[in-house]
Each structure stands twice: as structure tokens, then as C-alpha cells.
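Everything quoted here is computed from the prediction, not taken from an experiment. Chain letters run A, B, ... following the sequence lines, proteins first and then strands; every chain starts at 1.
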Amino acid sequence: MTSINLTFPDNSVKSFPCGITAAEIANEISQSLAKKAVSANFNGTHWDLSWPITCDGQIKINTMSDEPVALELIRHSMAHIMARAVQEIWPETKVTIGPVIDNGWYYDFDRAQPFTPDDLSKIEDKMKKIIALREPIRSEIWARKAAIAHYTANHEPYKIELVEAIPEDSPVRMYWHGDWQDLCRGPHLSNTGQVPADGFALEKVAGAYWRGNSQNPMLQRIYGIAFRNRKQLKSHLHMLAEAQKRDHRRVGVQMNLFHFQEEAPGMVFWHPDGWTLYRTLRDYMARQQTRSGYVEVQTPAVLERSLWEESGHWEKFRENMFLVEIDNPQHDDQAKCNALKPMNCPGHVQIYNKIQKSYRDLPFRMAEFGACSRYEPSGALHGLMRTRGFVQDDAHIFCTEAQIETETASFIDMLSQIYADLGFTEFVVKFADRPAKRAGADDVWTRAEKALISATEAAGCDYKLNPGEGAFYGPKLEFVLTDAIGRDWQCGTLQVDFVLPERLGATYVGRDGAKHRPVMLHRAILGSFERFIGILIENYEGKFPFWLAPLQVVVTTITSQADGFANDVTKQLNSLGLRAKVDLRNEKINYKIREHSVAKVPVILAVGEKEVQENTVSVRRLGEKSVTQVDLDTLKSQLIEEAKPPDLR
RNA sequence: GCCGCAGUAGCUCAGUGGUAGAGCGCACCCUUGGUAAGGGUGAGGUCGGGAGUUCAAUCCUCCCCUGCGGCACCA
């Protein structure tokens, strides 16, 4: 028998008989390791303890203390245990796939009857019984034909499709625990008893297309979460509940910022306080853009079909456009068809074409807070995050190819500053290259992709590749920021476009006196005001920094004898540009403090007899229990300073 | 758009085959209270829309709309 040499993490090399398993190796090292072992890493592959090793390589034995590996195994084996439970309860159910995801797993089933919440607890109970059996999990490599024959006999059509999709040079691996069998690339735990019976929960049922394709039948997906123990599961559930409290849809209603209603799905009704927040943010953005050399414009909301045909939107984007046929009540004259703008770019090119002619004017940066309408699929709508009517902080930079690099760099600077001002210090950059459905020739795409990559690298920006996710007219950078509870949001974007200037006939006169084609950079920082405000609400949990807070100060009275003074203080604050309101209601001070705290007002000023006499106010800040009595003039100058937006400090 | 679930007062939600209830909020009255809910009285609902079954529908059935959780989509 031949032998193989295996290198361990401490760089020691040992010789073993060819075909030895990681379980046997662990056993040779020590009994306790053999007990604790759950899997191995072999030459960079996650390796089942039971798989034979037949060549030299690096090996590491994993135990339950190797957290990421342990969780992966637990969740993967959970998926199998759940599928078995489902098939034991409802044998007619067809199994498909069941991968590990963040915090848990899912498994997709084909079954005529929908799963109910009751069914979920039945499945959970069955899973616990299976776990209690502590049955070994074993695997075999089968011939492709044998596997197909097996699944044909067992009426598992999805599994046949999966076997057929396995590349010729990859093994077809079958797993068992008890009598239950599944096709799986592994690895798994070696015993069903190793998963924590109290560390998992079935979360929800949802529809999901077979193989993620909307042409395929819809399956039923059951999601589960699993951790190493009950404590970790509990803390995860607690975190979910906390995240739910921040939901901008809930906070938005509580704080009376906006609402939606049936007659306008996906369109926001901004209430006074929400609109104050919106305007504060918009004015800040306008100042930042002016400072960065942009000019602001405004273009029509409704444009004729012919222009959308020229721009390419009619062909690539029509399904998402609201059409307007007021000029054409019979719907018989296609030329009279108009559409609400889903993007601002074609309008901006019209302005460029009227006013720009010379290379001396480039780069020309044209910004618009453009109100766009897109007919989003009904299932995509989600509060402020995904709407059908929204305003972009949109701009197009018309420049030469040579200017892409410096424009990209200064854009990234501007974006970083703005994100930091708004409370987001961390963001990642993704580079999205050409999609399958696109306009423009391949060599143009190659040029655009190269230009954007080298500009990004020159700006000293790390990026991840996001293949095939570019816009139909060009590659793009996506800026994804991370909020206070670690969730990711794609907001900013920078897109290089060689196509649209060509289609809409944009030119400039070069130094040589000839006409040239400018490049367009489409860019946004917030993305849409609606979405960004949704993110701000969730990030701050509605407790906005003073400069953004819709209502900054409430002046409230302790006795009605202070009414006059309270009115006067409020008036003084308002005249300084602070957003202050007075509360003279006939309620106890406790009651009023509670109410304004719940409403997340950053500063509550209480005035009673004492304050009236001394010309002071008692200040209570949101989140603090302490109260300080402050001279009115001192407080005013403090608040004026705090109310300044970050760019004016 | 697809699968599943839901829609009852401004908000959160309970409830029933015989046309409805709570808490909060709102209005009014009493209370003038020193930093997270003082007490009382009252107003407020075509039970998402339409059709059907029934003597009778908020409740059962079907269709539609909207929302929620996913999937697909995010140009």
C-alpha cells in the first residue's frame, strides 16, 4: 500500500496510508481530538471526516470550537434533517436544494399543499426526534447513471436535474442518515446528534423559483436559523426584534413623517416633519454640489416617446415607464405617446446640446434633484426603500475620456465627505461590468470598463467585482454603506457612458477645431432622497442629530403661570431659525416629558416659576436623565452652533 | 409579476352568521402638577372594494385592490 504525507498546521509532516480518513487521523492524534472533530480542511477544501485522503497535502482537523466551520456544518446538516422531517411527515413532497445562508439555512420543496405556521412546529418537533436518534451521517460516491436511476425510481425529478448538472469530472456524492438519503456535495457532521436541538428555529415559509428563474415553477422554501446553542439563538432573535423596532415604516408612522395609501402605491405623502427633514438634507446636498463645481438644472417630467426611443430607454426600459396618453385618447397614434421620466439623463443631454460646445467647458457637471417615476413590480415595493416615485440627487458629468480619472477621484472624495457628515463612516465599493442586456459595441464597453477601473485604482479605492451588474449603457461603481446595525445599503453610483452621448448627438469642439464626442458620467451619492431618508431613520432609530431633527426643541410649561415666558422663549428660538414648538397643555410635566421623549425631540426645555424669575430654562437632552438649568442666552448660542449643518460649521 | 399570509376607530389590536369592542391618541371638564403616563366625560367605524351563498354576511365562497414575508426584478 502506498503512503501519503500530510502537513499539519504546526508544519509537522506525518506519513499515512493512502485512503485514510480525517476521522482516523484525528483518532491517531488523540482520543479527545477524535471526539471533538467535526470536519477537516484539506488543501483548501472543506473535508468530511469520512472522506478518504489519497494525496499529499495540508490538513487541519476542525472542532466545534472553530466557529465559522462549526456553524456551517450545523446549518448544513440541519437542512438535511429538516428535509427528512418534511418527507417523513408528507412523503409525497419532492426535495430540491437546501443551502446554508447567513445565520441559518433554507430548503426548497415541491408540494401541492402550502406549508402553514402549524406545519412548521410539526416539522420542528419531528426534527428534534430525528436529532435525538443520534444516527450516523455517511456518504458514498455513486456513478452518475446509478444516481439518476435511483432518483427516477424514487420520483425525485429535481434531483435528476441536479445530478445531470454536476460537471463530468466532479463526484456524485450521496448522503444518508437513517434511511433518508440526499444528493449533496458535503461535508456534513458525522452524526445527527451533533446539531444543537435547542439552538435552531424554523423561521418562515416563502415562495421561491426553482433555480432562481421566474420561468420555472415556484417551490416552497422553508427558512431556518441555527446557532451553536440556545443562548446564541436567543441573542440573534433579540437582535432581529431590535432591528424591527428601527423599521423606517414603523418609525415613520410614529414620528408622523410620511405615509402611503392605496391610491398611490409606492408614492410617498410627505408630512410636514418628514418634509422638513427632506428639505434640510436637500439643501445640504445643494451646497455640497455647488462647492464641488456642479450647476443645477431642472428638466421636464413628461417627454415624448420619440426621445425615449432615441435614448434607448423605450427599448430597454419601457416596462418600467409610466405612459401618458392624454394627447391620444384613442391610443391609436403612437407618436403622441409620452412617458414620465424614469431617469434624468436624456433631459440633461438636451441642455448640454443647447449650451455646450467647447472643450474648454469640460468637464461640465450638471446636477438635478430630478423627480423620477418608475413602474416597479408590485412585489418590489418596500416603504421608502423601493418606491415608484422618487427624487435622485442626480448629476451628469460631461467630460473627455482623459478626464474620467480625475472626475472619478474627486467624486469619491465628495461622496466620502458627505457620507461621513451624515453619519456613515464605512462603505465598500463594487465594480459592476457589462450585463447581458446592453446597448453599445463590445469594444466601447472594453474602453469604458478599463477607464473606470483605472480611475478607481488611481483614486486609491479598493473595490469588489460585481460581474454582469452594470447599467445597460455602461459599467458602474456602486457605493454600499453600512449602517449602525451592520446592514448594507447601496446608495451612491458612478456610471461611465459612451453610448448615450452618441445616441443623443452630444458633441464638443476640440482644440483641433473638430467635433468630438464627450463621455457622460452618471452619478448619485444618496441615490434617492426617499431611500436615503429611510436609511437615516433606521440608522438613527429616528433620533436624528440636532441639525437634521424635524422638531429640534420643545418648550414646555410646568405651571400655566409660565405660559407667557414659554411663548416668548419659543419665539426667540424660532427667530434664530431653530425649529421649536411650545407645549402649554394642561398636563403634568411628567406626562409632557414622556411624550416628547417618545417623539424623539432632541431638546426639551421646561419652564416654571423659577425659570421665569431667573430668565433661565431647564434643559433635558434626549437619552439623558439629567436636567441642567441654563441661562437663556447661553443656551441660544449653544443651540445655534449645534443646528449648523456639518458643512457650515 | 410569482408563492404564502393579512386588511376591523387616527395608531396598535381583540371579536362574532343576527350590522362591533379595548388601549393609546383626539375633544371637553376637574386638577397648576418640578422631569418618562393624575382623574372624569365624550366624539369617532358602510369591519379594504365588488359579486355570490344565506331569511340574515364584518364573519362563508369567488374576483379585485393594498400591505407584509420571501422569490424574481432593481435598467
Participant: Please determine if A:Lys610 and A:Glu614 form a salt bridge, counting it only when a charged side-chain N lies under 4.0 Å from a carboxylate O.
Facilitator: no
Participant: Between the protein and nucleotides 39-45 of chain B, list every N/O to N/O distance that falls short of 3.5 Å.
Facilitator:
none

Participant: Please state how far atom CD in A:Glu624 lies from atom C1' in B:A36, giving the value in whole angstrom units.
Facilitator: 15 Å
Participant: Looking only at the side chain of A:Ser618 (C-beta and beyond, no hydrogens), which of the listed nucleotides B:C11, B:A36, B:U35 gets closest?
Facilitator: B:U35
Participant: Let's see if you can work this out: which of B:C3, B:G69, B:G38 has an atom nearest to the side-chain heavy atoms of A:Met218?
Facilitator: B:C3
Participant: Could you please name the option among B:U32, B:G67, B:C65 that lies closest to any side-chain atom of A:Glu262?
Facilitator: B:C65
Participant: Using distance alone, with no hydrogens and no angle criterion, decide if A:Asp497 and A:His522 have a side-chain donor and acceptor under 3.5 Å apart.
Facilitator: yes
Participant: Test salt bridge (Lys or Arg N to Asp or Glu O under 4.0 Å) on A:Lys592 and A:Glu595; report intermediate values, then the result.
Facilitator: CA-CA 5 Å; A:Lys592 296 203 253 192; A:Glu595 195 175 85; over 6 Å; no
Participant: Taking only N and O in the side chain of A:Asn590, is any of them less than 4.0 Å away from OP1 or OP2 of B:U35?
Facilitator: no
Participant: Near RNA chain B, under 4.0 Å by heavy atom, which residues of residues 314-322 of chain A?
Facilitator: A:Phe317, A:Asn320
Participant: Between A:Met343 (CE) and B:C74 (C1'), how many Å, whole number?
Facilitator: 10 Å
Participant: Which part of the nucleic acid, if any, lies within reach of A:Lys610 when heavy atoms closer than 4.0 Å are counted: base, sugar-phosphate only, or nothing?
Facilitator: base
Participant: Using the side-chain heavy atoms of A:Glu609, tell me which of these nucleotides is nearest: B:G34, B:G67, B:C68.
Facilitator: B:G34
Participant: Expressed as a whole number of angstroms, how long is the span from A:Met267:CE to B:U66:C1'?
Facilitator: 14 Å
Participant: Under 4.0 Å, heavy atoms only, any strand: does A:Ser214 hit a base, just the sugar-phosphate, or nothing?
Facilitator: sugar-phosphate
Participant: Relative to the 5' end of RNA chain B, which residue comes earlier, A:Arg585 or A:Tyr375, by the nucleotide with the nearest heavy atom?
Facilitator: A:Tyr375
Participant: I'd like the P distance from B:C59 over to B:U53, given in whole Å.
Facilitator: 15 Å
Participant: Categorize A:Ala471 for me: base, sugar-phosphate, or nothing, with a 4.0 angstrom heavy-atom threshold over every strand shown.
Facilitator: sugar-phosphate
Participant: Can you spot which of A:Phe390, A:Phe424, A:Trp489 makes a ring pair (Phe, Tyr, Trp, His ring centres under 6.0 Å) with A:Phe532?
Facilitator: A:Phe424
Participant: Does a salt bridge link A:Arg386 with A:Glu530, judged by any charged N lying under 4.0 Å from a carboxylate O?
Facilitator: no
Participant: In terms of the angle between their ring planes, are A:Trp270 and A:Tyr278 parallel, tilted or perpendicular, with boundaries placed at 30° and 60°?
Facilitator: perpendicular
Participant: For atom P, what is the distance between B:U46 and B:A9, given to the nearest Å?
Facilitator: 9 Å
Participant: Assess, by modelled atom type and distance only, whether the side chains of A:Ser311 and A:Glu309 contain a donor and an acceptor separated by less than 3.5 Å.
Facilitator: no
Participant: If you look at every strand shown and take non-hydrogen atoms under 4.0 Å, does A:Thr556 touch a base, only sugar-phosphate, or nothing?
Facilitator: nothing
Participant: What is the separation between atom CD on A:Glu263 and atom P on B:G7, rounded to the nearest whole Å?
Facilitator: 19 Å
Participant: Does a donor on one side chain and an acceptor on the other come within less than 3.5 Å for A:Tyr375 and A:Glu319?
Facilitator: no
Participant: Which one, B:C74, B:G70, B:A37, comes nearest to the side chain of A:Tyr591?
Facilitator: B:A37
Participant: Dot-bracket, RNA chain B: Watson-Crick or G-U, under 3.5 angstrom, [ ] crossing, | other strand?
Facilitator: (((((((..((((....[..)))).(((((.......))))).....(((((..]....))))))))))))....
Participant: Say we look at B:G21 and B:C26: how far apart would their P atoms be, to the nearest angstrom?
Facilitator: 23 Å
Participant: Side chain of A:Arg594 only, please: which of B:G34, B:A37, B:C65 is the nearest?
Facilitator: B:A37
Participant: What's the gap between B:C71 and B:U12 when it is taken at their C1' atoms, as a whole Å value?
Facilitator: 30 Å
Participant: Under 4.0 Å between any heavy atoms, over every strand shown, what does A:Arg438 touch: base, sugar-phosphate, or nothing? Just pick one.
Facilitator: nothing
Participant: Remember a base hit wins even if backbone is also touched, and classify A:His382 as base, sugar-phosphate or nothing at under 4.0 Å, heavy atoms.
Facilitator: sugar-phosphate
Participant: So which atom in A:His313 and which in A:Pro346 form the shortest heavy-atom distance, rounded to 0.1 Å?
Facilitator: CE1-CG, 3.7 Å
Participant: Return the value, rounded to whole Å, for the distance between atom CH2 of A:Trp210 and atom P of B:C3.
Facilitator: 19 Å
Participant: So which nucleotide from B:G4, B:A36, B:A72 ends up closest to the side chain of A:Ser597?
Facilitator: B:A36
Participant: Calculate, to the nearest 0.5 Å, the distance between atoms OG and CG belonging to A:Ser528 and A:Leu384 respectively.
Facilitator: 8.0 Å
Participant: By the 4.0 Å heavy-atom rule, please label A:Glu376 as base, sugar-phosphate, or nothing.
Facilitator: base
Participant: Considering heavy-atom distances to RNA chain B, does A:Tyr473 or A:Thr557 have its closest nucleotide positioned more toward the 5' end?
Facilitator: A:Thr557
Participant: Under 4.0 Å between any heavy atoms, over every strand shown, what does A:Pro377 touch: base, sugar-phosphate, or nothing? Just pick one.
Facilitator: base
Participant: Can you tell me, in whole Å, how much space there is between the C1' of B:G7 and that of B:A14?
Facilitator: 15 Å
Participant: Is it true that A:Glu478 and A:Lys476 make a salt bridge, defined as a side-chain N closer than 4.0 Å to a carboxylate O?
Facilitator: yes
Participant: B:C47 and B:G10: how far apart are their P atoms, nearest whole angstrom?
Facilitator: 13 Å
Participant: Does A:Phe115 reach a base, just sugar-phosphate, or nothing at all? Heavy atoms under 4.0 Å.
Facilitator: nothing
Participant: With rounding to the closest Å, how many angstrom separate the C1' atoms on B:C73 and B:G25?
Facilitator: 40 Å
Participant: Please state the P separation for the pair B:G45 and B:C2 - nearest whole angstrom.
Facilitator: 36 Å
Participant: Could you work out which one of B:G34, B:C71, B:G4 sits closest to the side chain of A:Glu611?
Facilitator: B:G34
Participant: Enter the distance from A:His596:NE2 to A:Asp583:CG here, rounded to the nearest 0.5 Å.
Facilitator: 4.0 Å
Participant: Looking only at side chains, do A:Glu156 and A:Gln87 share a donor and an acceptor under 3.5 Å apart?
Facilitator: yes
Participant: Compare side-chain N and O positions of A:Arg388 against OP1 and OP2 of B:C73 and report whether any pair is under 4.0 Å apart.
Facilitator: no
Participant: Any side-chain N or O of A:Lys588 less than 4.0 Å from the OP1 or OP2 oxygen of B:G38?
Facilitator: no
Participant: Side chains of A:Gln350 and A:His348 only: does a donor on one sit below 3.5 Å from an acceptor on the other?
Facilitator: no
Participant: Between B:G1 and A:Tyr209, is there an OP1 or OP2 to side-chain N/O distance shorter than 4.0 Å?
Facilitator: no
Participant: Can you see whether A:Asp110 engages A:Gln220 through a side-chain donor-acceptor pair at a distance of less than 3.5 angstrom?
Facilitator: no
Participant: When you measure only distances, ignoring hydrogens and angles, does the side chain of A:Arg211 come within 3.5 Å of the base of B:A72 through a donor and an acceptor?
Facilitator: no
Participant: With a 3.5 Å cut-off and no angle check, do the side chains of A:Thr299 and A:Lys341 form a donor-acceptor pair?
Facilitator: yes
Participant: Taking 4.0 Å as the cut-off, does a side-chain nitrogen or oxygen of A:Arg221 come that near to OP1 or OP2 on B:C3?
Facilitator: no
Participant: Within the modelled atom types, does a donor on one side and an acceptor on the other bring the side chain of A:Arg531 and the base of B:C74 under 3.5 Å apart?
Facilitator: no
Participant: So what does A:Ala206 hit on the nucleic acid, given a heavy-atom distance under 4.0 Å: a base, only sugar-phosphate, or nothing?
Facilitator: base
